[in-house]
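A quick note: this is a predicted structure, and the numbers were derived from the prediction, not measured. Per chain, numbering begins at 1; letters A, B, ... match sequence-line order.
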Amino acid sequence: MNILVCISNVPDTTSKINFIENDSNFDTNGVQFIINPNDEFGLTKAVWMKESNQANVTALTVGDSSVEATLRKCLAIGADKAIRIDCPAHDAYSVAKEIEAHCKETKYDLIICGRESIDYNGGLVPGLLAGLLDFNFITNCVKLEIKESKATFSREMSGGTEISECELPLVVGSQKGLVEESDLIIPNMRGIMMARQKPLDVVPAQGINPKTRDKKFSKPEAKSEVKLVKADELDKLIDLLENEAKVI
Amino acid sequence: MSVLVYIESENSKFKKSSYEALCYGRALADSIGKKVCGVVINCSNTENLNSYGADKIININSSDLVDFSSKKYAHALVEIVKSENSKIIILSSSPNSKYLGAHLSGITDSSFVSNVVKLPESSNPFIVKRTCFTNKAFSLTELTSDLKIISITSNSFGIVEKPNNPENETVEIKGISTNQKILDIEKESGTVTIADAEIVVSGGRGLKGPENWEMIESLAETLGAATACSKPVSDMGWRPHSEHVGQTGKPVASNLYIAIGISGAIQHLAGINSSKVKVVINNDPEAPFFKAADYGVVGDAFEIVPSLIKKLKARQ
Ligand SMILES: Cc1cc2nc3c(=O)[nH]c(=O)nc-3n(C[C@H](O)[C@H](O)[C@H](O)COP(=O)(O)OP(=O)(O)OC[C@H]3O[C@@H](n4cnc5c(N)ncnc54)[C@H](O)[C@@H]3O)c2cc1C
């Protein structure tokens, strides 16, 4: 079984968010990049499936050479191979189209993407890919089992969990729950050494035009100071919520 | 050409977030001089939608669409996009709508922008304001494809009543299939879900252990709120994962968010910052949450919460 894990290279969760060039671009200066947390749950699951399903795991990122450190980390975690499609990630559409082109050349039974990235939060790439490739699609996936060509999975939905099955090929939007936080694989020395020997292929891009463009960024307005209420004056809190904020 | 709004329902009841999407659609259609058409699936009684300004409501009737399926629903919507010659589709930000929207954009080879918070800045070029970097910033984003799909952040536009007498049409669609099928749905016992809630009551590690959640649940019940928690609380298994909110958990965009025994780490705040009003209860006056909150009480949650419940109950 061939598994593709699509990795988004995102700013660390504690990064300061600033913009440059007249607020048209994200300021990467001093920002540390990590594997998108939702993708990391999916990658760990895929690595487990190397044993349970004799799977081959490829980690793929669309991006310039700066994303290679993140791909090496994926190899250290246990992916067999990494691919970088060589172009900046302009928008979800162009990224999905680039991945689609790769998936037409190399066949995958299962594609795992994070349910959404923590930078642009679109949640688009997995659905776009499924639509473009005409694969089945499940997002917010918290459980996945594959036997031969059949997948059984659970999705977190509003107010519950939905359990479904389908035939492969399938695109999965992964999140916490697919594996637990404590199950995430932290690369050890051996993994890091082995990662250096594993292939990291750079593939030329198709040069797809994006369909969305960020014109200008801005930051939320500074908040006004918190209004403190004394612990023995809770009637005042209720009054403020009722008559000032009008939320209860 | 009309602006299409997909209206989600559960057991023939429409979702509040879909009413908001319809109101947004009405305002958008007005600004560009178009009509707005709401689309429901297997809902014959659409009277409740009449207050929100639709010119037309299409009910897609299909035995193939009894269970939600992003693929089948997307293909059904494509039929309506064609018959209505629509160029804009509006969705809510519910989990199912976002799931559907992403799939639909792939099937139709078009652009989709989620987390939109305002009416478009301009309609030609089509530019919308959306949140990004998990609520730490906004982006003015241009959509350039012919068909444009957007989803609206809950509570960002609000509900604006505009009674109208929409034309009703029923469309029968047959022959949409997929080999993906639902085996079972496990419903949670809690009545209010985080995505639909007006008020969310959230507990953190400051509550010391799962046995102390009774007061959180009781406060939530008193307010008709959903319950949520910080990440370590779900990691330790004190509460289910489905309650984990924040940058790596569920987003919260409620009208009121009450944080109890939560320090206000950047990853937590990122996910809940879209909430309109934030209240923090914490015994450490230096807790970062006080910088992000609108109202705060410094003190012991184990005293404050029971007292607050008592006072709220007395008021009702
Ligand atoms: C990659 C990454 C992603 C993350 N994503 C998320 C996320 O999505 N969501 C999330 O929540 N966190 C997330 N975190 C974790 C985050 O950094 C914090 O560790 C976490 O939010 C802290 O949870 P807490 O506030 O419940 O606990 P603590 O930080 O331990 O805070 C407990 C608070 O309770 C207060 N307290 C103690 N006793 C009482 C009392 N008797 N009465 C009142 N108050 C009391 C304390 O003063 C303290 O402020 C993430 C971290 C990383 C690294």
Select, from A:Asp134, A:Leu124, A:Val226, A:Leu240, the one with the greatest count of heavy-atom pairs under 4.5 Å involving chain B. A:Val226

Measuring heavy-atom distances to chain B, does A:Leu237 have an atom under 4.5 Å in its side chain, in its backbone, in both, or in neither? side chain

For B:Phe133 and A:Tyr120, I'd like to know if the aromatic rings sit close, meaning centre-to-centre distance below 6.0 Å. yes

Best-contacting candidate, A:Ala231, A:Ser182, A:Ser224, A:Ser164, against chain B by heavy atom pairs under 4.5 angstrom: A:Ser164

Begin with the C-alpha distance, continue with both residues' side-chain angles, and end with the deciding distance and a verdict on side chain to side chain contact (heavy atoms under 4.5 Å, CB included) for B:Val245 and B:Cys229. CA-CA 6 Å; B:Val245 297; B:Cys229 68; over 6 Å; no

Tell me, side chain or backbone of A:Ile118 under 4.5 Å from chain B's heavy atoms, or both, or neither? both

Bottom line for B:Asn115: the part with an atom under 4.5 Å from chain A's heavy atoms is side chain

So for B:Ile127, is it side chain, backbone, both, or neither that comes closer than 4.5 Å to the heavy atoms of chain A? side chain

For the pair B:Tyr99 and A:Phe137, name the ring-plane relationship: parallel under 30°, tilted 30 to 60°, perpendicular over 60°. perpendicular

Top contributor to chain B interface from A:Glu165, A:Glu167, A:Glu181, A:Glu233 [non-hydrogen pairs under 4.5 Å]: A:Glu165

Using a cut-off of under 4.5 Å on heavy-atom pairs, state which of B:Gly224, B:Ala314, B:Ala293, B:Ala74 scores highest against chain A. B:Ala293

Where is the tightest heavy-atom contact between A:Asp214 and B:Thr141, given as atom of each residue plus distance? OD1-OG1, 3.2 Å

Any idea which of A:Leu129, A:Asp232, A:Asn140, A:Leu241 has the most non-hydrogen atom pairs under 4.5 angstrom with chain B? A:Leu241

Does any heavy atom of chain B fall under 4.5 Å from the side chain of A:Ala96, the backbone, both, or neither of them? neither

Chain B contact via A:Phe19 - which portion, at a heavy-atom distance below 4.5 Å: side chain

Under a 4.5 Å heavy-atom cut-off, does chain A meet the side chain of B:Val277, its backbone, both or neither? side chain

Pick one of side chain, backbone, both or neither for B:Ile266, based on which atoms fall under 4.5 Å of a heavy atom in chain A. side chain

Verify whether the ring centers belonging to A:Phe135 and B:His103 lie closer than 6.0 Å. no

Reference residue B:Glu8; test side chain to side chain donor-acceptor pair (under 3.5 Å); the match among B:Ser18, B:Ser17, B:Ser97: B:Ser97

Pick from B:Ala195, B:Ser70, B:Gly101, B:Ser242 with the largest number of heavy-atom pairs that fall under 4.5 Å of chain A: B:Ser242

Could you please spell out the steps behind the side chain to side chain donor-acceptor pair (under 3.5 Å) verdict for A:Asp12 and A:Thr14? CA-CA 6 Å; A:Asp12 173 46; A:Thr14 55; 2.5 Å; yes

If one checks every heavy atom of A:Tyr93 against chain B at 4.5 Å, the contacting part turns out to be side chain

Leading residue by heavy atom contact count with chain B [cutoff under 4.5 Å; candidates A:Ile163, A:Leu128, A:Leu234]: A:Ile163

Pick one of side chain, backbone, both or neither for A:Pro126, based on which atoms fall under 4.5 Å of a heavy atom in chain B. neither

Would you call A:Glu100-A:Lys97 a salt bridge at under 4.0 Å N-O? yes

Name the region of A:Lys216, side chain, backbone, both or neither, that has any atom closer than 4.5 Å to a heavy atom of chain B. both

Any heavy-atom pair between the side chains of A:Ile7 and A:Leu60 that's under 4.5 Å? no

Sort B:Lys71 into side chain, backbone, both or neither according to what part of it lies under 4.5 angstrom from a heavy atom of chain A. side chain

For B:Ser139, is it the side chain, the backbone, both or neither that has a heavy atom under 4.5 Å from a heavy atom of chain A? both

Tell me, out of B:Lys250, B:Glu186, B:Arg130, B:Glu303, who's got the most heavy-atom pairs with chain A below 4.5 Å. B:Glu186

Tell me if the centroids of the rings in B:Tyr73 and B:Phe68 come within less than 6.0 Å of each other. yes

Structural part of B:Ser307 lying under 4.5 Å from a heavy atom of chain A: both

Heavy-atom distances under 4.5 Å only: say whether A:Pro220 touches chain B with side chain, backbone, both or neither. both

Let me know if B:Ile304 has heavy atoms under 4.5 Å from chain A in its side chain, its backbone, both or neither. both

Is A:Ser15 reaching over with its side chain to a backbone N or O of A:Ile17, donor-acceptor style, under 3.5 angstrom? no

Is a side-chain N or O of A:Lys246 found less than 3.5 angstrom from the main chain of A:Asn243, in a donor-acceptor match? yes

Heavy-atom pair count under 4.5 Å with chain A, highest-scoring of B:Lys311, B:Lys187, B:Lys98, B:Lys148: B:Lys311

Chain B shares the most heavy-atom pairs under 4.5 Å, among A:Asn36, A:Ile138, A:Thr152, A:Val142, with A:Ile138

Which region of B:Ser94, side chain (C-beta onward) or backbone (N, CA, C, O), has a non-hydrogen atom less than 4.5 Å from a non-hydrogen atom of chain A, or is it both or neither? neither

Contact winner vs chain A - B:Ser111, B:Gly296, B:Gly299, heavy-atom pairs under 4.5 Å: B:Gly296

Between B:Gln267 and chain A, with a heavy-atom cut-off of 4.5 Å, which part of the residue counts as in contact: side chain, backbone, both or neither? side chain

Less than 4.5 Å to any heavy atom of chain A: does that hold for the side chain of B:Leu223, its backbone, both, or neither? side chain

Step by step, would you call B:Asn155 with B:Lys16 a side chain to side chain donor-acceptor pair (under 3.5 Å)? CA-CA 10 Å; B:Asn155 293 321; B:Lys16 191 193 143 227; 3.1 Å; yes

If you draw a 6.0 Å radius around NZ in A:Lys223, do more than 12 non-hydrogen atoms from other residues or ligands fall strictly inside? yes

Check this for me, if you would: do A:Asp235 and B:Arg315 make a salt bridge, where the nitrogen-to-carboxylate-oxygen distance has to be below 4.0 angstrom? no

Answer with side chain, backbone, both or neither: which region of B:Ser110 has an atom nearer than 4.5 Å to a non-hydrogen atom of chain A? backbone

Scored by heavy-atom pairs under 4.5 Å with chain A, the best of B:Leu104, B:Thr134, B:Asp67 is B:Thr134

Looking at A:Lys227 and A:Glu244, is there a salt bridge between them, counting it only when a charged N and a carboxylate O are closer than 4.0 Å? yes

Would a 4.5 Å heavy-atom cut-off, applied to side chains only, mark A:Val31 and A:Phe26 as touching? yes

State whether B:Lys15 and B:Asp196 are salt-bridged, where the test is any N-O pair (Lys NZ or Arg NE/NH1/NH2 against Asp/Glu carboxylate O) under 4.0 Å. yes

